[in-house]
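Heavy-atom basis, side chains included; hydrogens, waters and symmetry copies ignored. In the text below, chain A, chain B and the rest are named by the order of the sequence lines, each starting its count at 1.
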Amino acid sequence: MAMTMSPDMVQVALPLPLMQCFTYRVPPAWQDAVQPGCRVLVPFGRRHLTGVVVPEAPPASLPDSLKPILDVLDDEPALTEELLQLTRWMADYYVCSWGEVIRAALPPGLEIESRRRLYPGQPPAEPLSERAAAVLRLVAAHPGITIRRLRQELGSTPYGLLHRLVRAGLLRLEEALEAPRVQIKKERHVRFAPAYRTPAAQEQLLHRLRGARQRALVAALQALQLEGVTEPPRATLLARAGAPPATLRRLVEQGILELVDKEVIRSPLEAEPPPAPSPITFHPEQQAALDRIAEAIDARRFETFLLHGVTGSGKTEVYIAALKRVRRQGRTGIILVPEIALTPQTVQRFRAHFGDEVAVLHSRMSEGERYDTWRQLRTGRYPIVIGPRSAVLAPLENLGLIVVDEEHERSYKQFDPAPRYHARDVAVYRAYLNNAVCVLGSATPSLESYLNARRGKYTLLEMQRRAPTVGRTPARLPQVRLIDLRHTRLANGNPLAPPLVRAIAHRLERGEQVILLQNRRGFAPVLECTACGWSPHCPHCSVTLTYHKVPHQLRCHYCGYATRHPNTCPQCSAATLEPLGTGTQRVEEALQTLFPEARVLRMDLDTTRGRRAHHHLLSRFARGEADILLGTQMVAKGLDFPRVTLVGVVNADTGLLLPDFRADEHTFQLLMQVAGRAGRADRPGEVLLQTRNPDHRVFRYLLRHDYVALALELLAERQQLGYPPYTRLAVVECSGPEETRVQELARSWAERFHHLQQQTPGGHLIEVLGPTPALHERLKGRYRYHVLLKAPRRSDAPALQPLLRRTLESFPSLPRSYRLTLDIDPAGLS
DNA sequence: TCGCCATTCACA
DNA sequence: GTGAATGGCGAA
């Protein structure tokens, strides 16, 4: 990809789902400033949008006249050549627009766009149609309402009506550029003007000044100077001098003091200095793994390692040692962790070794903090970044290492807005582009990575022993036992069987801690009328409503719909609605009844809404302020708690019953991970699993901590049944408000794909399955149908994307509010 | 014939 | 993803 280009026109990628770039003329004034990777403001249709200049040649055929770029928004390119190359590859691989990928690589909130807003005009002189009156009411209620918002309220955009209302003077339509939501934050600082910078001049000044307040201000600035602060913030100086702003203004007017604007960096890292590093000693397995990685780093060779190490085997120490090696070469590193594991404790472990070379990115940061961190990464201020999925696109140059910790975690796969990328796979490709090393770490690797390792595409490094904690013997793996719920009569609604209750009581007596996993939030997932069998469903989604006891509500976990709990069954009027099944709230209630003295922390989506709630809960538990940590899968990740000696899984079968070919793999991974929380110091740990399927192979292998045996069995099965990682999948989802329409569109899409494939030399490489209704056929008021595409042989997989793209391009445009979304390598059959 | 809506296309 | 042109349909 050549970075040189004819300066009078450029290709611009726009953040829209359009599979093409657009060509713009560059006015002479901008020709020196415009470079690939720069953000530019361009006219597009009747709108203005922020796009990014990409290093592409203009197409052979162009419209007669090109529109000009209106502004260049960056002095330095926002994206390096390397990131342009990476995002380009992602757009090709994930079959989405380059502009959409670029948007994911830039901090949010920077976009400048034009918006059209509506304001009330003259009052209507004659009676209006119902619809026109509705529009005027909306605009009167929300002056400055956007057209998009109006469409949401009305269901469609009545452009004709709007224009007539504007012509009649009943409405005003204004188009304006919206400022970016984030900007560089500046703070006013004060300093002496050049003539007063010497001590002598300042002394003279103090004699000359008449006002006591003016003298106090000058004296305060002098004092601050002696403390080493030559340009204090304005607020600091005023507070110190006890002077009003007017005094300062007068001194500035007299040319004695100057005001300067300084950039302020909003940083989520606490001002506290990084902690002291604890010494690292390596056991032989760690050393061997590190030696292999170090060799590739020293050779500056691209290589991907799968670091398969049991919980507590010391994977983080290996990451740190590898990163040190990379830093000694002057190269940089990215550490990816699942969002949930991104606690201050994780960050502190890296800060202990790398000090303020470490930057953090995560979703709970404000847009301002993210923007500032991104800018500092871009300038090279931080050579190390630790963050979730999106950090794989961080603007670091000279990359030497990318670590993907807990690489099997599904949160690495982006779903909601395109690009639907898998951060692990992007990490491997980015490492390849940089001749860097990629380390994928996990106690229970994804079958994709494990197969890649067995095939030699990745280098497999095994660490099967727990590392000794300093000065102690290594902790043993916890003992896992099953509680067979088929033989245990549970009292109505009691989710905890006697053996688990006894085990909990035992730990409480000894002052040890317990973690309980119940992978469902709320009180009960279903409410059912015992008289007629009716249960409440979401009006927008094809799912039952979950009963939440606090607050007393029925809630949809897919769209957020909430309603009051009905007192009687709306179908038969009986007052016999009974909660079925178990959620975290029910377990919490049971614990409070059984152990009124125990201090229980519940951790699920409902108790971790706040910015730091997640961290607060975990650190309270770590400090011993609670005895039992109860929650959804988020209790499986995160910290080490040395006093936890019991892990209980209230319903280990949740997840096994999902209609997903990865159900067994995911259940095993989750249970292994939560089991690893037990007994990490020198106290032995115990894991109790409540199940109705004690003979299930997942439990069989779990009892023996035997990942490899399960992986081999699952791999053999996947190969036989034709599932990934032996085949490649893509899902095309068609969604919209009307079921028959959605189904029809999905069917014609499948036919078009099939048809195009037949015309392609080489024959039928890709199987087309469906359309079928999605697992939850209706979500948020939209019906969903899936077409599954499958490349049965890996050698045929590269045919998938070009065919998808061609189908997409040749498919007629969809009606408003109907959508097609493509998901390459889907994480689950949702 | 007008107003309303869904459909379709262009956007550089 | 959005704005605007197009054409069919029912009400006047």
What's the verdict on side-chain hydrogen bond (donor to acceptor under 3.5 Å, both in side chains) for A:T23 and A:Q11, showing C-alpha distance, side-chain angles and the deciding distance?
CA-CA 5 Å; A:T23 314; A:Q11 291 296 103; 2.5 Å; yes
So what does A:Y24 hit on the nucleic acid, given a heavy-atom distance under 4.0 Å: a base, only sugar-phosphate, or nothing?
sugar-phosphate
Mind checking if A:R25 touches a base, just sugar-phosphate, or nothing, with heavy atoms under 4.0 Å?
nothing
May I have the distance from A:R149 (atom CZ) to C:dG1 (atom P), rounded to whole angstrom?
19 Å
Closest of B:dT8, C:dG3, C:dG1 to the A:S813 side chain is B:dT8
Looking at A:E178 and A:R117, does any basic side-chain N land under 4.0 Å from a carboxylate oxygen?
yes
Tell me whether A:R266 forms a cation-pi arrangement with A:Y371, defined as NZ or CZ under 6.0 Å from the six-membered ring centre and within 45 degrees of its axis.
no
Taking for A:R116 and for A:R819 the nucleotide of DNA chain C with the nearest heavy atom, the one nearer the 5' end belongs to A:R819
Quick one: A:D64 CG to B:dA12 C1', roughly how many Å, whole number?
11 Å
It should be established whether A:R148 places a side-chain nitrogen or oxygen under 4.0 Å from OP1 or OP2 of nucleotide C:dT2.
yes
Distance under 6.0 Å and angle within 45° of the ring axis: does A:R410 meet both against A:Y412?
no
In whole angstroms, the gap separating P of B:dC11 from CD of A:Q11 amounts to 15 Å
In plain terms, say whether A:R784 and A:E733 are close enough for a salt bridge, that is, a side-chain N and a carboxylate O under 4.0 Å apart.
yes
To the nearest angstrom, the NE2-C1' distance between A:H48 and C:dG3 comes to 14 Å
Distance check needed: B:dC4 P versus A:H163 NE2, whole Å only.
14 Å
On DNA chain B, more 5' by nearest nucleotide between A:Y818 and A:L62 is A:Y818
Nearest-angstrom distance from the residue atom CG of A:L808 to P of C:dG1:
13 Å
Under 4.0 Å, heavy atoms only, any strand: does A:R741 hit a base, just the sugar-phosphate, or nothing?
sugar-phosphate
Closest to the side chain of A:R164, out of C:dG1, B:dC11, B:dC4, is B:dC4
Value in whole Å for how far the P atom of C:dT2 lies from CG of A:L49:
10 Å
d(CG, A:L18; P, B:dA10) in whole Å
13 Å
